[in-house]
Number of protein chains: 2
Amino acid sequence: MGAGETRAQIVDVADWLFYERGFEATSFADIARDVGLSRGNFYYHFKTKDEILGAVIALRKAKTKAMLAAWEERAASPAESIRSFVHILLMNRAKIMAHGCPVGTLCAELAKLDHAARVEANGLLDVFRAWLRRQFERLGRESDADTLALHLLMRSQGVATLATAFRDEAFIRREVADMEAWLAAQIPASSTLEAHRPD
Amino acid sequence: MGAGETRAQIVDVADWLFYERGFEATSFADIARDVGLSRGNFYYHFKTKDEILGAVIALRKAKTKAMLAAWEERAASPAESIRSFVHILLMNRAKIMAHGCPVGTLCAELAKLDHAARVEANGLLDVFRAWLRRQFERLGRESDADTLALHLLMRSQGVATLATAFRDEAFIRREVADMEAWLAAQIPASSTLEAHRPD
DNA sequence: GTCTATAGACGGATAGAC
DNA sequence: GTCTATCCGTCTATAGAC
């Protein structure tokens with residue numbers, strides 16, 4: 001097996017374990033075991049745990065950007081794009097109820113640890129923020145697009161946190177519906193037709 | 001110094017360290033050092049780390065209940081009680097931007113670790129939930145008081161998470177104002193006078 | 001024979017528990 | 001203070017490919 005493949009496999013496993021148990025609680029040995037590698041071999045690919053963390057964040061960032069781009073392309077309107085974002089809460093509800101939001105929980109943990117990669121992890125949130133801002137701009141809310149983006153991000157983080165604690169699926173559905181109603185109220189009257197007009 | 005005092009001191013220090021760095025990242029030695037105790041002495045008071053965690057959660061629960069009771073007593077109306085809750089985000093903004101919400105981050109961490117004390121920590125959230133539900137009931141929203149309570153809890157958790165990541169005080173102020181506007185819209189027309197009527 | 005990917009032993013440090 | 005386990009990280013050795 002090529003080194004690139006092994007490396008990718010390590011990052012994949014680490015990505016999952018960092019999400020499932022957290023960064024600090026995941027040891028080198030845990031990752032190596034799940035990949036099926038000896039610890040010695042492990043250090044051939046990654047010298048430090050922080051290096052893996054960097055690779056995991058980069059992977060998540062790339063995946064997120066691809067996902068958001070696909071949503072934007074598929075959606076018939078910016079409002080529908082945003083609705084795709086809101087619906088992650090439903091699509092991933094099982095994982096979220098078990099381990100929270102992968103982005104939010106990582107940012108929170110690294111903030112507490114005062115870890116150097118804190119900034120990089122926040123960059124992940126920025127990817128969502130910038131994308132949402134763009135959707136609101138296309139919706140005709142140029143003046144407060146960033147505020148609306150942060151508000152929606154805030155809600156999704158809040159729902160994820162409570163969903164993990166209470167494991168209440170009805171709560172998630174209710175809040176998702178509420179976010180959709182909120183979103184509908186944000187669409188300017190003048191841009192209702194714009195939804196069907198190509199950019 | 002009595003054993004009770006020392007014990008209380010240990011719990012106080014652990015409370016802070018668990019908040020500042022997280023439960024897992026805090027070691028026995030960290031707590032002992034900050035209290036000014038040898039590790040041998042330490043085991044006289046607490047046998048395991050989980051035992052300290054239990055005491056910390058119990059302490060937080062007691063403090064929270066006292067705080068909420070004081071708010072309720074001081075407030076001229078249930079709406080004002082709820083406003084006190086919303087304002088924790090402003091009062092504690094510096095700590096929140098540094099370490100997040102003490103309750104939310106603990107619940108998230110224990111959920112990831114699949115820790116036995118997870119249930120106890122969630123009980124802390126339940127204290128807020130039950131108190132908020134009661135305020136909404138007094139406000140005349142008996143039928144959906146719990147839904148409203150969860151919604152407000154959700155928002156405060158979301159704001160705390162993003163505040164930690166972005167360290168943006170203007171964002172906090174904006175969202176607090178938004179929560180106040182939301183709260184005002186929840187007051188039934190029939191109960192506007194009730195605000196000044198004693199129970 | 002050299003390069004690559006692997007394995008496994010070894011080190012100091014520190015964890016929680018007694 | 002001591003015990004054991006486990007942490008991260010470094011070390012050397014080895015197997016096969018080219």
Side-chain angles (χ1 to χ4, degrees), chain A residues 1-59 105-106 109-110 112-118 120-121, chain B residues 3 6-7 9-59 105-106 109-118 120-121:
Chain A
M1 178 160 47
E5 268 176 73
T6 306
R7 197 193 137 95
Q9 214 182 335
I10 290 174
V11 178
D12 266 348
V13 167
D15 183 21
W16 170 249
L17 288 176
F18 288 174
Y19 174 43
E20 189 190 19
R21 313 182 189 177
F23 170 69
E24 251 239 323
T26 302
S27 73
F28 268 32
D30 291 331
I31 303 170
R33 183 181 13 81
D34 278 21
V35 178
L37 281 180
S38 69
R39 274 181 25 77
N41 188 9
F42 195 93
Y43 278 90
Y44 175 79
H45 299 278
F46 287 98
K47 300 306 171 196
T48 70
K49 201 177 168 186
D50 291 355
E51 213 176 298
I52 305 176
L53 178 60
V56 166
I57 293 175
L59 172 72
T105 54
L106 182 65
E109 184 180 1
L110 296 184
K112 266 198 209 290
L113 297 175
D114 207 19
H115 195 285
R118 208 184 91 87
E120 283 303 309
Chain B
T6 305
R7 195 193 139 95
Q9 212 181 339
I10 290 173
V11 178
D12 266 350
V13 166
D15 183 21
W16 171 249
L17 288 176
F18 288 174
Y19 174 44
E20 188 188 21
R21 313 183 190 175
F23 170 68
E24 251 239 322
T26 301
S27 73
F28 253 107
D30 290 333
I31 303 170
R33 183 180 12 84
D34 279 21
V35 178
L37 235 48
S38 72
R39 273 193 349 291
N41 222 329
F42 199 92
Y43 279 91
Y44 173 76
H45 300 279
F46 288 99
K47 301 305 172 197
T48 70
K49 201 178 170 185
D50 292 353
E51 214 175 298
I52 304 177
L53 178 60
V56 166
I57 294 174
L59 172 72
T105 54
L106 182 65
E109 184 180 1
L110 296 183
K112 265 195 208 291
L113 296 175
D114 206 19
H115 196 285
R118 207 185 92 87
E120 282 305 308

Rounded distance (Å) that lies between atom C1' of D:dC11 and atom NZ of A:Lys47: 12 Å

Proximity to the side chain of A:Arg39 - top-ranked nucleotide from C:dA5, D:dG9, C:dA17: D:dG9

Any B:Leu53 side-chain heavy atom under 4.5 Å of B:His115 side chain: yes

A:Leu113/B:Arg21 under side chain to side chain contact (heavy atoms under 4.5 Å, CB included): CA gap, chis, key distance, verdict: CA-CA 6 Å; A:Leu113 297 175; B:Arg21 313 183 190 175; 5.7 Å; no

Intermediate values then yes/no, side chain to side chain contact (heavy atoms under 4.5 Å, CB included), A:Gln9 and A:Asp12: CA-CA 5 Å; A:Gln9 214 182 335; A:Asp12 266 348; 5.6 Å; no

Secondary-structure string, 5' to 3', Watson-Crick or G-U under 3.5 Å, | for another-strand partners, for DNA chain C: ||||||||||.|||||||

Chi angles and distances behind the side chain to side chain contact (heavy atoms under 4.5 Å, CB included) call for B:Glu24, B:Glu109: CA-CA 8 Å; B:Glu24 251 239 322; B:Glu109 184 180 1; 3.4 Å; yes

Separation of atom CG in A:Asn41 from atom C1' in C:dA9, rounded to whole Å: 15 Å

Interatomic distance where NZ belongs to B:Lys49 and P belongs to C:dG16 [whole Å]: 4 Å

Any A:His45 side-chain nitrogen or oxygen under 4.0 Å from OP1 or OP2 of C:dT6: yes

Whole-Å distance separating the CZ atom of A:Phe46 from the P atom of D:dT10: 15 Å

Protein-nucleotide distance (A:Phe42, atom CZ; D:dC11, atom P), rounded to Å: 18 Å

Positions of residues 14-27 of chain A (non-hydrogen atom under 4.0 Å from DNA chain D), listed by number: A:Thr26, A:Ser27

B:Trp16 and B:Tyr19 aromatic ring geometry - parallel, tilted or perpendicular at 30°/60° bounds: perpendicular

side-chain N/O B:Thr48 vs C:dG16 OP1/OP2, d < 4.0 Å: no

Minimum side-chain heavy-atom gap B:Asp30-B:Val13 below 4.5 Å: no

Within the 6.0 Å centroid threshold, strictly below: A:Tyr43 and A:Phe28: yes

Closest to side chain of A:Ser38, choosing from D:dG9, C:dT4, C:dG8: C:dG8

Which nucleotide in C:dA5, D:dC7, D:dT10 has an atom nearest any side-chain atom of A:Ala29: D:dC7

Ring geometry between A:Phe18 and A:Phe23 (parallel below 30°, tilted from 30 to 60°, perpendicular above 60°): perpendicular

Whole angstrom value for the distance that separates C1' of D:dC7 from CZ of A:Phe28: 10 Å

Smallest separation among heavy atoms of A:Glu51 and A:His45, with atom names: OE2-O, 4.1 Å

Distance in angstrom units between B:Arg33 CZ and C:dA15 C1', rounded: 14 Å

Atom-pair distance (OH on A:Tyr43; P on D:dT12), nearest Å: 17 Å

